[in-house]
K.L.:
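Dropping the structure in here first, questions after.
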Amino acid sequence: MINIKLPDGSVKEYEKNIKVEDVTRDISEGLLRVSMGAVVNGDIKGLEEEIEEDSDFRVVKFDDIEGKKIFWHTTSHLMAYAVQELFKDAKFAIGPATDRGFYYDIDIDHRFVPEDLEKIEKKMYELAKKDFKMERIEISRNEAIEYFKERNQDYKVEIIEDLDEDEKITMYKMGDFVDLCKGPHLKSTKQIKAIKLTSIAGAYWRGDSDNKMLQRIYGISFPKKKDLEEELKRQEEAERRDHRKIGKQLGLFTMHEEGPGFPFFHPNGMVLRNTILDWWRNVLLENGYGEIQTPIILNEDLWHRSGHWDHYKDNMYFTKIDEEDYAIKPMNCPGSVLVFGSDQHSYRDLPIRLAEYGIVHRHELSGALHGLFRVRTFTQDDAHVYCLPNQIKDEVFKMIDLADYLYSTFGFKYKVELSTRPDDFMGDIESWNYAEESLENALKERNIEYEINPKDGAFYGPKIDFHIEDAAGRTWQCGTIQLDFQLPKNFELEYVDENGEKQRPIMLHRALLGSVERFLGILIEHFAGNFPLWINPEQIRIIPVSDKYKEFADKLSARLQKEGFRVKVDSRSEQVGYKIRQAQLKKANYMLVVGENEEQSGKLQVRRRDGQEIKNVEIEVFINKLKEEKDQKMIDSNIQ
């Protein structure tokens, strides 16, 4: 017999090898009807899979991210089945679920076009209605290789040959389509009621440009047609907010093939970036942080001691200096550790809070690069706090308060996850258990709602992750607080306690903007480029109605700039209406059209970015309102 622990803490006893479906049915027939599968001891399983040991058990529906992964993974197989039916010579590579749907990489001489997607969609609907059961097949390594060789599926053969010889091989059968796959999957294809194949892209096999370019078909699917309609509307809104388009439109940043994954920030982008970072630097100073700067390149020995060489090497860049091996840092923490360790410390000195705007480099596959969201170099608002064991809770509280202040300043809602020990971890289980318990107790004491994100901690410690929600309802993983017992041990960090004995400090990692680049991308899409006054690169645009009033416009500009505002005068020989439209495209907060009335009366006609006009505003009143809006970091206009 095995014990199954449910989310409410209750425990049920079942025969060993009971199916997920049967446990779910025992809980509730209604729950089974909407179930996609379950999370069992942190692993996602389909309804047909068996449970062999005592387990924590949580049923997942489509609304859960794990449920979506099961649903979309099955739909990727359905798409491959449809492609196989329509294009007999297709060779299949991989077809995973993603955070936003699914894709499949396909090798075929035929060049897919949008019309092909319509045909594939139609075939997918036909197949889904046949109610194919997803049959799980366990097979030996040699049998699997022979099976796919006979069918000319070279990529599947290569995947199998790269697996460990003793690894269990599983395949899933859907009608006449059989795919190499670990699962999990839906029980049946009839649950797939709404499908949209969204785009075609190129992707190198295994992300290596030395390999063949495959064709990648992206798609999305849902259990109900109305859900698909809503998703397509969200995608239209996301397209309107795309930070890459807005970034180019506003002169914030560009990407170039000379440096794939390395963003180029333009003057307006640097204004936006520096305004936020300067403000945040002052916030940290007020909260007891000292700022440091550490080198970008450090020697190989350091990365062995930190654990990155064994746990993160594939994501790092390397170089040689004086015939010795060095690495470009993927994380800032080892540099901070060296700063702390360079001095002797008493328990009276702790906590010591060290902040750094550290530039890091991480190797990302070319197919994963995406504007500012996924880059190969970025700046982290990193901080490392070295403290006593009895200071952990208070320091975590302070970090949570900082996160709340940061996200609320920009109008973000957020939710919290506790990410626990991954499979590839450093250190001992006891330290990990203590670290996880410390973070969880801090969240509970603050009455903060949170979800457990199993096995997603850093290799050196568990973490609290902040997921912010933007104006379009999308969520983004942003900030993190991590508790680390490993680096202080590896680098032999010490402080002298009240008894004169040497002790090991606790280390907390903290990044709340996270990647500065990614945070800027999120901000651009959150506001759709319509930034609050205090961070907007162009706050005011003055438009003289003719050359006769350029001098007045320049004097007004100088006055506003002296008060600390960013102003541009558009004195081009263009129609006023055209210049107003141009200012709106550049998303200036306020436009001032000036002519004879304004020059003589000293009163302004203020046009807000949303098109609303406020007439006869005294210049001093306008300036005071601007100052209030800027100083209070208002999100909406203060000029009514």
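This structure is a prediction, so every number in the text was calculated from the model and none was measured.
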K.L.:
Is a side-chain N or O of Thr24 found less than 3.5 angstrom from the main chain of Val20, in a donor-acceptor match?
P.N.:
yes
K.L.:
Decide salt bridge (charged side-chain N to carboxylate O under 4.0 Å, His left out) for Glu146 and Lys149; before the verdict, give the C-alpha distance in whole Å, the side-chain angles of both, and the deciding distance to 0.1 Å.
P.N.:
CA-CA 5 Å; Glu146 188 63 29; Lys149 274 185 176 178; 5.7 Å; no
K.L.:
With a sphere of 6.0 Å drawn around CD of Glu492, does it hold more than 12 non-hydrogen atoms of other residues, nucleotides or ligands?
P.N.:
no
K.L.:
Just checking Asp89: does its CG atom have more than 12 heavy atoms from other residues, nucleotides or ligands closer to it than 6.0 angstrom?
P.N.:
yes
K.L.:
Look at the aromatic rings of Phe373 and Trp476 and report parallel, tilted or perpendicular, splitting at 30° and 60°.
P.N.:
tilted
K.L.:
Counting C-beta onward and ignoring hydrogens, is there a side-chain heavy-atom pair between Ile192 and Phe71 closer than 4.5 Å?
P.N.:
yes
K.L.:
Do Arg510 and Asp381 have side-chain heavy atoms sitting under 4.5 Å apart?
P.N.:
yes
K.L.:
Roughly how far, to the nearest 0.5 Å, is the CG atom of Leu197 from the CE atom of Met124?
P.N.:
5.5 Å
K.L.:
Hey, could you give me the NZ/OH distance between Lys173 and Tyr81, rounded to the nearest 0.5 Å?
P.N.:
7.5 Å
K.L.:
Would you give the length of the straight line joining atom OH of Tyr104 to atom NE2 of His77, rounded to the nearest 0.5 angstrom?
P.N.:
5.5 Å
K.L.:
So, Gln235 versus Glu231: side-chain donor-acceptor pair below 3.5 Å or not?
P.N.:
yes
K.L.:
State whether Lys156 and Asp179 are salt-bridged, where the test is any N-O pair (Lys NZ or Arg NE/NH1/NH2 against Asp/Glu carboxylate O) under 4.0 Å.
P.N.:
yes
K.L.:
With a 4.5 Å limit on heavy-atom distance, are the side chains of Arg100 and Trp72 in contact?
P.N.:
no
K.L.:
For the residue pair Phe177 and Phe132, is the inter-centroid distance of their aromatic rings smaller than 6.0 Å?
P.N.:
no
K.L.:
For the side chain of Thr75 and the backbone of Ser221, is there at least one donor-acceptor N/O pair under 3.5 Å apart?
P.N.:
no
K.L.:
Does CG in Asn17 sit with more than 12 non-hydrogen atoms of other residues, nucleotides or ligands closer than 6.0 Å?
P.N.:
yes
K.L.:
Given salt bridge (charged side-chain N to carboxylate O under 4.0 Å, His left out), test Asp64 with Lys69 step by step and report yes or no.
P.N.:
CA-CA 9 Å; Asp64 299 304; Lys69 285 183 177 180; over 6 Å; no
K.L.:
Would you say the side chain of Asp325 lies within less than 4.5 Å of the side chain of Lys320, judging by non-hydrogen atoms?
P.N.:
yes
K.L.:
Hey, what's the ring geometry for Phe262 with His361, parallel, tilted or perpendicular (30° and 60° as the breaks)?
P.N.:
tilted
K.L.:
Start with the C-alpha gap between Lys61 and Asp63, add the side-chain angles, then the distance that decides, and say whether salt bridge (charged side-chain N to carboxylate O under 4.0 Å, His left out) holds.
P.N.:
CA-CA 5 Å; Lys61 298 178 281 188; Asp63 290 341; 5.8 Å; no
K.L.:
Is the cationic atom of Lys415 (NZ for Lys, CZ for Arg) positioned less than 6.0 Å from the six-membered ring centroid of Tyr450 and within 45 degrees of its normal?
P.N.:
no
K.L.:
Before accepting this row, confirm whether a basic side-chain N of the pair Glu239/Lys245 lies closer than 4.0 Å to the acidic partner's carboxylate O.
P.N.:
yes
K.L.:
Taking the side chain from Ser55 and the backbone from Lys5, do they hold a donor-acceptor pair closer than 3.5 Å?
P.N.:
no
K.L.:
Any donor-acceptor pair under 3.5 Å linking the side chain of Arg518 with the backbone of Leu513?
P.N.:
no
K.L.:
Apply the salt bridge (charged side-chain N to carboxylate O under 4.0 Å, His left out) test between Asp107 and each candidate in Lys212, Arg216, Lys91; give the one that qualifies.
P.N.:
Lys212
K.L.:
Is Arg305 reaching over with its side chain to a backbone N or O of Phe491, donor-acceptor style, under 3.5 angstrom?
P.N.:
no
K.L.:
Can you tell me how far the CD atom of Gln215 sits from the CZ atom of Arg111, to the nearest 0.5 Å?
P.N.:
4.0 Å
K.L.:
So, taking the atom named OG1 in Thr319 and the one named CG in Asn299, what distance separates them when rounded to the nearest 0.5 Å?
P.N.:
12.5 Å
K.L.:
Do Asn433 and Arg421 make a side-chain contact, defined as non-hydrogen atoms from C-beta onward lying under 4.5 Å apart?
P.N.:
yes
K.L.:
Do any N or O atoms from the side chain of Asp322 and from the backbone of Glu324 form a donor-acceptor pair under 3.5 angstrom?
P.N.:
no
K.L.:
Got more than 12 heavy atoms from elsewhere within 6.0 Å of CD, Glu150?
P.N.:
yes
K.L.:
Can you tell whether the side chains of Arg206 and Asp162 come within less than 4.0 Å, N to carboxylate O?
P.N.:
yes
K.L.:
Output yes when a side-chain donor or acceptor of His243 lies under 3.5 Å from a complementary backbone atom of Leu372, and no otherwise.
P.N.:
yes
K.L.:
Could Asp131 and Lys133 be called an ion pair, given the rule that one side-chain N must be under 4.0 Å from one carboxylate O?
P.N.:
yes
K.L.:
Under 3.5 Å, side chain of Glu517 to main-chain N/O of Thr379, donor-acceptor pair present?
P.N.:
yes
K.L.:
Below 4.5 Å, heavy atoms only, C-beta onward: do His185 and Met174 meet side chain to side chain?
P.N.:
no
K.L.:
Check whether the side chains of Thr294 and Lys329 place a donor and an acceptor atom closer than 3.5 Å, and report yes or no.
P.N.:
yes
K.L.:
Scan residues 45-54 for pairs that pass side chain to side chain donor-acceptor pair (under 3.5 Å), counting only residues two or more places apart or in two chains.
P.N.:
Lys19-Glu48
K.L.:
Would you please indicate yes or no on a ring centroid separation below 6.0 angstrom for Trp303 and Tyr312?
P.N.:
no
K.L.:
What's the spacing between Ile18 CD1 and Lys12 NZ if we round to 0.5 Å?
P.N.:
10.0 Å
K.L.:
When you look at Met79 and Tyr103, which way does the side chain to side chain contact (heavy atoms under 4.5 Å, CB included) test go after all the steps?
P.N.:
CA-CA 9 Å; Met79 181 177 73; Tyr103 68 79; 5.7 Å; no
K.L.:
When you check the gap from the basic side-chain N to the acidic O, do Glu118 and Lys122 get nearer than 4.0 Å?
P.N.:
no
K.L.:
If only atom types and distance count, is the side chain of Tyr125 paired as donor or acceptor with the main-chain N or O of Ile195 below 3.5 Å?
P.N.:
yes
K.L.:
Answer yes or no: is there a side-chain heavy-atom contact under 4.5 Å between Tyr155 and Asp105?
P.N.:
no
K.L.:
Is there side-chain contact between Thr420 and Pro454, with heavy atoms separated by less than 4.5 Å?
P.N.:
yes
K.L.:
Within the supplied structure, the quantity of interest is the number of heavy atoms (other residues, nucleotides, ligands) at a distance under 6.0 Å from Ile359 CD1; does it exceed 12?
P.N.:
no
K.L.:
Taking Lys190 for the side chain and Lys129 for the main chain, is one N or O donor matched with an acceptor at less than 3.5 Å?
P.N.:
no
